[in-house]
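Here the structure is a predicted model, which is why all the values come from computation and not from measurement.
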Amino acid sequence: MNDKRFPKILKGLAVCAGYAAAFLGLMAVKAALIILLCIGLLMGATRACLTEHASPHRRGEVVRYLESAYPEEDFVVSRHHKTVTDEDHSLADMRIWDCWFEDLPEVVFHVTSSWSGGDNFPAKAGYSLSSDLKFVLWDYYLEEYQSGGGSLSCWAREQNRLTLTYSTLAETETAADQLQDFHDWWGRQSHGEVSPLSVTTEFAGGPLPVPPGLQETIYIDRITPENTFNFDSTREFMLGTSRYILLYYYGYYNLPCPEFSDGEREDFARKTWLWYADSTYKDYPNGAISIWNKGHYLPLEDWAEPLRGVGVWLCDVSYGGLYEILARLDCGPEGAPEHFTVTGQDGAFYEFSYDFFTTEDDGDLTWYYLKDGETCTLKRSTPVLELNSAAVRLTTGLIFQHY
């Protein structure tokens, strides 16, 4: 090779390498810019998708919020807001406006713009508006009603709610009258279009714990012609739900109800526990049931009607319900639903009683039954058996399958 040509070749290679490096460097810069642009667009799109209101609200938005929520009312919103630290979101302050009705300036409520949401991806986050109008108006009208002679003596006032605890229907009748009077009075006030807060009634139970499937706490709102649902008044709704709860309680346990005749209780039971074998019927028995006898499937028509009215929830049955099943199947139970004995299909002697329980150190009750005099403890806080449990299978001779 020519010694003079060699340096020229190296020089040419160096120039080419320089151009290549410059080209690749430019490409790297462009790539970096493109990546940054994509990241910015992605962050902007994510922010737009996940953020409802990225900054605190302004007074005009508060005015529109109230006009939209209560179009029939005339409000005044203070010109300036207070800014306070949000204890739940230390990096986002809250703005609070004082507000009042034009004709009732002494009742001051608040609208707050605060940060909310965004705890679970992809939940939206941002500032939202909230108001304590209902709570403030509730306190004001409650005091006005009682100071004017209105009585709510049956009700307990707990923070922002009226509550009633009862065990009999008679205990709810006067309370229902008082609540109806209060709701009627509320509707006649200048701002009666704003709904009062809900009140709660709670069934305290009878001689046994509240059974499964029974919602003992009911929230009651003011019922008007505009929102009527099955009942024409607050009073009718309250008494109707209380009546249902009592009949469910005594019907499920198969016990006499002090305030209803046996005929009323039996009619309620037949309308409530239908023994459908239809998985699409969501309320009872929350799925389908099939019954087998010695390995043979029993057709629905052989058992659905005979067992109709026996209280079952999610394929659980009370001692009194088991007594009713045994009686209808002619299995010879002796005694009454609350305490009976029966000789099982396995030849064992069974005894069930609502008095068979022990009280634990923490106050909880543990229920049991006897088999040939031996204690069989239930892992339950109520005297309730699973339909597919050994106690039911061996006393009835049937297999109840829930699926």
Under 6.0 Å between ring centres, would you say that holds for [X] and [Y]?
| X | Y | answer |
| --- | --- | --- |
| Tyr354 | His339 | no |
| Tyr141 | Trp186 | yes |
| Trp138 | Phe182 | yes |

Donor-acceptor check, side chain of [X] to backbone of [Y], threshold 3.5 angstrom: yes or no?
| X | Y | answer |
| --- | --- | --- |
| Glu264 | Ser261 | yes |
| Tyr249 | Leu208 | yes |
| Arg328 | Pro306 | yes |
| Glu143 | Tyr140 | no |
| Ser167 | Ala204 | no |
| Ser68 | Arg64 | no |
| Gln180 | Thr234 | yes |

Could you pull out the closest heavy-atom pair between Ala176 and Arg235, with the gap in Å?
CB-CG, 3.9 Å
If every non-hydrogen atom of Trp155 is compared with every non-hydrogen atom of Thr201, which pair is closest and at what distance?
CH2-CG2, 3.9 Å
Filter on ring pair (Phe, Tyr, Trp, His ring centres under 6.0 Å), then keep only pairs touching residues 381-400, sequence neighbours left out; what's left?
none
Determine, stepwise, if the pair Phe357 / Tyr368 fulfils ring-ring contact (aromatic ring centres under 6.0 Å, His included).
CA-CA 6 Å; Phe357 64 86; Tyr368 63 91; 8.3 Å; no
Report the C-alpha separation of Asn388 and Cys315 in whole Å, then their side-chain angles, then the decisive distance to 0.1 Å, and conclude whether the side chain to side chain contact (heavy atoms under 4.5 Å, CB included) test is met.
CA-CA 8 Å; Asn388 61 358; Cys315 292; over 6 Å; no
Over 60° means perpendicular and under 30° means parallel, so classify the ring planes of Trp273 and Phe268, tilted if in between.
perpendicular
So do His57 and Arg95 actually touch side chain to side chain, heavy atoms under 4.5 Å?
no
Of all residues at least two apart in sequence or in a different chain, which pass the ring pair (Phe, Tyr, Trp, His ring centres under 6.0 Å) check with Tyr250?
none
Please name all residues satisfying ring pair (Phe, Tyr, Trp, His ring centres under 6.0 Å) with Phe352, sequence neighbours left out, ordered by chain then number.
Tyr319, Phe340, Tyr369
Would the number of heavy atoms belonging to other residues, nucleotides or ligands and lying under 6.0 Å from CD of Glu360 be above 12?
yes
